[in-house]
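The figures that follow rest on heavy atoms only: side chains count, while hydrogens, waters and symmetry mates do not. In what follows, every chain begins at residue 1, and chains take the letters A, B, ... in the order their sequences are listed.
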Amino acid sequence: MSHALPPLDPAAIAAAPNARAWPFEEARKVVARVQKSGKKEAIFETGYGPSGLPHIGTFGEVMRTTMVRTAFRLLTGDSIATRLISFSDDMDGLRKVPTNVPNPQMLEAALGLPVSRVPNPFGSDAPSFAAHNNARLRGFLDAFGFNYEFASAADYYTSGRFDEALLRMLDVYDEVMEIILPTLGEERRATYSPFLPISPRTGVVLQVPVVERDVARGLIAYIDPDTGERVETTVTGGAVKCQWKADWALRWYALGVDYEMSGKDLIDSVRLSSRIVTALGGTPPEGFNYELFLDKDGAKISKSKGNGLSIEEWLTYASPESLSLFMFGKPKAAKRLHFDVIPKAVDEYFAFAASAQSQDAPALLENPAFHIHSGRPPAYDMPVSFALLLNLATASNPENRDVMWGYISAYAPGVTPETHPHLDALVGYAIRYFLDFVEKNYRAPDDVERKALADLSEALGALPEDADGEAIQNAALDVAREIERYQDRSRVGPSGGPGVSGAFFQMLYQVLIGQERGPRFGSFAALYGVANTRNLIERALAGELAG
RNA sequence: GGGCUCGUAGCUCAGCUGGUAGAGCACUCGACUUUUAAUCGAGUUGUCCCGGGUUCGAGUCCCGGCGAGCCUACCA
C-alpha cells in the first residue's frame with residue numbers, strides 16, 4: 001500500500017521560503033504555477049513504461065519528485081493538496097521481446113499488442129505482462145515507503161477518463177500534425193497520426209495514417225494494413241491510444257499535471273508535448289531534465305549493455321536510504337553509478353542523519369536526510385562507519401556476522417546486534433560486499449612454512465578452546481621464535497633472545513586467508529575459534545586453499 | 001545543427017546567497033600491540049582549465065576561449 005504522508009514541522013514551514021536546496025527551487029516553480037491557475041491541488045506525475053521492469057532510474061524519478069513535492073508542501077504549509085501519480089503506459093504496444101524474460105516465445109506471439117494485453121510470461125498471478133511489471137513497480141515503491149497513486153493507461157483509456165481529452169485532440173488534429181510532422185523523417189511522416197488505433201481484428205496497436213475524421217461524431221477512419229479495408233473507429237473508450245508525444249500531452253491535459261521531471265534524453269519530447277498540450281488548451285507542466293547516469297568508465301548506462309547498477313544490486317550491498325542520498329545529489333550532473341560509490345553514500349547518509357538531529361530548521365532544509373525522509377529524518381546511533389566495517393571484513397575474513405561482531409563489540413563495548421540493529425544490517429552488507437568483491441589469493445606454503453604451520457597447529461591444540469587472544473598470540477610467537485627464518489635480531493624477545501619478524505604473520509595471512517594483510521592473529525584466532533583455526537591450517541596444509 | 005553537464009590535492013570528489021581552499025582514499029611520521037591488521041593522533045600535497053570583466057576582495061558572479069563527456073535529430 002501507498003504510505004501516508006508524514007506531517008510537517010511548523011518550524012520547517014517557517015524556514016521554507018529561504019531554503020535553497022534544489023527541491024525547493026523546483027517547488028517554487030510549481031507554487032507560482034498553481035497560484036496563477038488558482039487550482040486547489042497540485043499534481044505531480046512520474047511516468048513508467050511497463051514493457052520493462054522498474055529500474056534504478058524509475059526509482060530516482062519517484063524519489064526526486066517526492067522531494068519536490070515535500071518542498072512544495074512546506075512552501076504552501078499544506079494549504080494546497082498534493083498528489084503524486086505514478087502513471088504506467090501499459091497501452092503501449094509491445095515492440096520487441098525483452099531479452100531477460102522467461103518464455104520469450106509467449107511474447108513473440110504477442111508482438112504489437114498493448115502490453116496490458118500481452119500474456120504474463122513470468123508465471124505470477126498477474127493477468128498480463130504489464131500487470132506483472134506494474135505490480136513490481138508498486139511493490140518496490142511500497143517497499144521504499146512512497147506516497148503515490150498508481151494509474152494505468154489502459155484503465156484510463158478504456159474507462160473513458162480520457163474521452164474528453166481525446167475528442168479535444170481530434171479537434172486540434174491539424175495543429176498537432178503541424179507540430180509533429182516537421183520533426184519526422186520522410187518515411188514516418190507518411191504514416192504518422194497522433195492516434196494509434198487498436199485493431200479490432202488483431203488487437204495490435206496500429207501505426208497507420210488517418211484517412212478521414214469526423215470531429216462532431218468523434219470518429220476517425222484508417223486503412224487496415226493487412227486487409228486493405230477501410231475501418232472506422234471512435235477515438236474514445238480505448239479504441240485508440242495516442243502516439244507517444246501526443247500521449248504525454250493528453251495525459252498532462254486530462255490529469256492536470258503540474259510537475260513532471262524527465263531525463264535529458266527527453267528534452268525534445270518535452271518541448272513537442274508541451275506544444276501539443278498548449279494546442280489542446282492546457283498549460284505544460286513545470287519540470288526539469290535530470291542528467292542520465294554513467295557507468296564506471298563514464299559511458300551511458302543502458303539496460304541492454306547491462307553496465308551500471310540495478311536497484312537490486314545496490315540494495316544487496318547497501319541500504320535504500322543510501323540510494324536515496326545518491327539520487328538527491330546534483331540531479332543535473334551526470335554521475336557515475338557503480339559499486340564504488342556505495343560505501344561513501346552509506347556513510348554520508350548516516351552522517352547527514354546524525355547532523356540533522358542537532359540542526360535548526362534553516363540548516364535542516366539543506367540537509368539531504370531531511371529530503372530523503374520527507375521532512376522527518378530518523379535518529380541513529382552508529383558507532384562504527386561502513387568504511388570501517390568494510391576494512392574489518394577484508395581484514396578478518398568473516399564467514400558470518402559473529403566474527404565481525406566480535407571485533408565490533410571489542411572496539412565499542414556494549415554495542416551488539418540487539419542494541420544496534422541498523423549497524424547489524426551494515427555488517428550484513430559489508431560481508432556481502434567483501435564476499436563478492438574482495439579477491440582472495442591463497443598461496444601454497446613451502447616446506448619451512450609447512451613445518452611452522454604444523455607446529456602452530458600443535459601449539460594451538462595445547463590451548464583451551466576458550467583461550468584469549470593474548471594467549472594465542474603468545475603461543476604463535478613462541479612457535480615462530482624457534483624458526484630461524486622468522487627470527488629478527490634487531491628485536492629482543494622477552495627472554496633476551498631474538499624477536500619475531502613480521503614475515504611470520506604475513507605468511508599466515510597469505511596462506512590462511514588469502515590476503516596480504518590481516519587482523520592481529522591472536523584476536524582473529526580467538527574470535528574464529530581455536531578449533532576452527534586449526535582446521536583452517538589443516539586445509540592449507542592439505543592444499544585445499546591455494547590454487 | 002540544437003541542448004545539457006563537467007574541468008578544484010596523486011585518485012574520487014565537496015565547496016550553499018563572493019571574504020585569502022576542504023573531505024575520503026593514497027602517502028609520511030607517531031601512539032598502541034613482544035615490530036602484522038584494525039584503531040587513534042599528527043603531517044605533506046593544489047598557477048581552484050585559460051584570458052578578460054565587475055568588485056575593496058572571485059574557485060564562487062558576467063563575457064570569451066580551450067578541453068572532456070553525454071543527450072537529441074528513427075521508436076516509445
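- For B:C75, the OP1/OP2 oxygens have no side-chain nitrogen or oxygen of A:Gln207 closer than 4.0 Å.
- With a 3.5 Å ceiling on both atom-pair distances, B:G57 lacks any Watson-Crick or G-U wobble partner.
- Residue-level contact check: A:Gln473 touches the bases, meaning some heavy atom is under 4.0 Å from a base atom.
- With sequence neighbours left out, the side-chain hydrogen bond (donor to acceptor under 3.5 Å, both in side chains) criterion links A:His132 to A:Ser124.
- Taking atom P in both B:U39 and B:U47, one finds a spacing of 31 Å when rounded to whole Å.
- When the P atom is used for both B:C50 and B:C11, the distance is 16 Å, rounded to whole Å.
- For A:Pro50, the side-chain contact (heavy atoms from CB on, under 4.5 Å) test picks out A:Tyr48, A:Ser88, A:Asp90, A:Val115, A:Ala130, A:Asn133, A:Asn134, with sequence neighbours left out.
- Residues that satisfy the side-chain hydrogen bond (donor to acceptor under 3.5 Å, both in side chains) test with A:Gln243, not counting sequence neighbours, are A:Tyr192.
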Once base and sugar-phosphate atoms are separated, protein heavy atoms under 4.0 Å mark nucleotides 1-10 of chain B, 5' to 3', with B, S and - as --BBS-----
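- Straight-line distance between the C1' atoms of B:U45 and B:U55: roughly 31 Å, to the nearest whole Å.
- Between the side chains of A:Trp314 and A:Ser322, at least one donor-acceptor pair of N or O atoms lies under 3.5 Å.
- In terms of phosphate contacts, A:Arg188 brings a side-chain nitrogen or oxygen within less than 4.0 Å of OP1 or OP2 of B:A76.
- Sorted by first and then second residue, the pairs that involve residues 341-351 of chain A and meet side chain to side chain donor-acceptor pair (under 3.5 Å), not counting sequence neighbours, are A:Tyr349-A:His373, A:Tyr349-A:Tyr380.
- B:C49 and B:U8 are spaced 10 Å apart, taking the C1' atom of each and rounding to whole Å.
- Separating the C1' atom of B:U5 from that of B:C75 is a span of 26 Å, rounded to the nearest Å.
- For the P atoms, the distance from B:G59 to B:G65 is 22 Å, rounded to whole Å.
- A salt bridge (Lys or Arg N to Asp or Glu O under 4.0 Å) check over residues 241-251 of chain A, counting only residues at least two apart or in different chains, returns the pairs A:Glu45-A:Arg251, A:Asp89-A:Lys241, A:Lys241-A:Asp247, A:Asp247-A:Arg251.
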